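When a ligand or atom number is given, it counts from 1 through the structure's own listing order. Hydrogens, waters and symmetry mates are skipped; everything else that's a heavy atom, side chains included, is used. Remember, predicted model here, so these are calculated numbers, not experimental data.
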Amino acid sequence: MSEIKDSKLNKQGRDRVEWAYRDMPVLQEINSSMSRRKPLKGINIAACLHVTTETANLLITLKNAGAKVSCCASNPLSTQDDVAAHLSKDYGIETYAIKGINNKGYYKHIIDSLKIGPNLTMDDGCDLVTVVHKSHKKYLANIIGGTEETTTGVIRLKSMSNNNVLKYPIIAVNNAFTKHLFDNRYGTGQSVMDSIMRATNRLVSGKNFVVCGYGWCGKGLAMRANGLGANVIVTEIDPTKALEAKMDGFRVMSGNEAFMIADFICSVTGNLNVIDKHHFKNMKDGVIVSNAGHFNVEINIDSLKKMSTKRKKIRNDIEEYSIGKKKIYLLSDGRLVNLSAAEGHPSSVMDMSFANQALCSEHMVKNHKKLHNDVYDVPIELDNKVAQIKLKSMGVEIDKLTSEQDAYLNSWESGT
Ligand code: ADE
């Protein structure tokens with residue numbers, strides 16, 4: 001039995017899911033092929049993903065491919081309750097997700113989703129896999145493999161593999177080129193700016209906008225903040241990435257320097273306490289602080305709470321912290337701002353990420369016996385297939401190597 005906010009929200013959810021599907025041409029093609037072939041027949045899938053319109057289209061595709069599917073949220077604030085209602089009521093997909101659930105409820109939902117007895121796990125951040133490996137080992141017997149959606153989850157999985165505790169093979173969907181180059185960069189870039197603007201209705205142009213971290217997500221965010229006319233400042237701990245940011249035309253500073261002059265700060269590092277106690281002391285009055293990394297650990301909220309004399313909810317998604325006369329504004333309790341204060345990445349990029357998820361599920365079913373308990377990249381043929389379908393849907397034709405060029409690339413003798 002599902003646990004959702006209100007099953008009567010299903011009609012609104014259906015309209016929004018259909019709207020998203022219109023902009024997911026790669027998934028459409030995979031859906032129609034898998035609906036015919038049923039490559040996931042007899043497979044139970046437990047999916048721990050952000051419950052959004054795009055995720056709904058992935059789960060419906062998996063169901064059409066023959067799988068039995070359950071799902072839970074991969075973040076307490078990212079669930080779209082109307083989508084959860086649609087999945088549960090109109091598709092009979094067991095759904096355990098309610099926006100704003102507390103930590104205990106969040107983990108209960110993960111455990112509930114496992115009752116399906118999964119053969120495959122589909123995770124975004126590795127919480128589901130961690131629960132299986134830590135406290136619900138009985139489910140390991142039937143699990144043949146899994147997939148992981150995001151950078152943070154892949155880092156956790158690699159640590160499990162390095163420590164020899166990972167008990168089944170997992171494909172790092174995040175590492176597909178057609179995932180991280182687009183979803184992490186253009187998806188994060190657009191959705192984070194969208195969420196900060198929706199939450200605050202503040203003008204970005206002319207403001208000092210600090211981006212912490214210059215990975216693919218940070219690059220996308222810096223690019224879009226720049227496009228809106230902000231003075232973008234990047235902070236980094238990696239010298240090569242810092243240099244890249246500098247050569248991309250951004251100011252690069254230490255956190256100590258940057259946070260003192262920031263109007264907006266957004267952390268996208270995947271690490272903890274990037275915005276810390278000593279930083280809050282030196283921030284300007286009115287600074288708007290947010291996080292777009294997977295977990296709510298990047299901002300030291302406990303210390304912000306302890307330092308502040310007063311706390312007040314100002315608008316949806318904005319909490320005002322007073323430190324003496326100074327005000328610091330925290331968005332979405334420091335949780336993934338783009339999924340809490342907006343709707344996450346647009347459908348068009350999730351199209352490619354979730355096409356990879358669907359194709360990798362089929363690949364895992366076909367190939368799991370050949371794989372070890374390790375973390376695998378997405379096979380390049382699948383990555384290329386996603387890119388090809390996407391290009392075709394955009395009406396873009398590209399050239400092919402001539403046989404002469406192909407031979408040249410495979411030879412070593414010819415020089416000047
Ligand atoms: N991660 C980021 N954006 C997302 C979306 N729209 N749906 C599911 N997962 C996401």
Could you list all the side chain to side chain donor-acceptor pair (under 3.5 Å) pairs where at least one residue sits in residues 215-224, not counting sequence neighbours? K219-E244

Which pairs, with at least one residue in residues 36-46 and sequence neighbours excluded, count as a side chain to side chain donor-acceptor pair (under 3.5 Å)? S33-R37, R37-E362

What is the ring orientation for F182 with Y186, classed by angle as parallel under 30°, tilted 30 to 60°, or perpendicular over 60°? tilted

Between K11 and D15, does any NZ, NE, NH1 or NH2 come within less than 4.0 Å of an OD or OE carboxylate oxygen? no

Note: R311-E319 ion pair, threshold 4.0 Å (strictly below): yes

In order of chain and number, which residues sit within 4.0 Å of ligand 1 by heavy atom? H50, T52, E54, T55, L339, E343, G344, H345, M350, F354

Let me check something: any side-chain donor-acceptor pairs from residues 125-134 under 3.5 Å, sequence neighbours excluded? List them with distances.
{"residue": "D127", "atom": "OD1", "partner": "R156", "partner atom": "NH1", "Å": "2.8"}
{"residue": "D127", "atom": "OD2", "partner": "Y106", "partner atom": "OH", "Å": "2.7"}
{"residue": "T130", "atom": "OG1", "partner": "C126", "partner atom": "O", "Å": "2.6"}
{"residue": "T130", "atom": "OG1", "partner": "R156", "partner atom": "NH2", "Å": "3.3"}
{"residue": "H133", "atom": "ND1", "partner": "V129", "partner atom": "O", "Å": "2.9"}
{"residue": "H133", "atom": "NE2", "partner": "K167", "partner atom": "N", "Å": "2.9"}

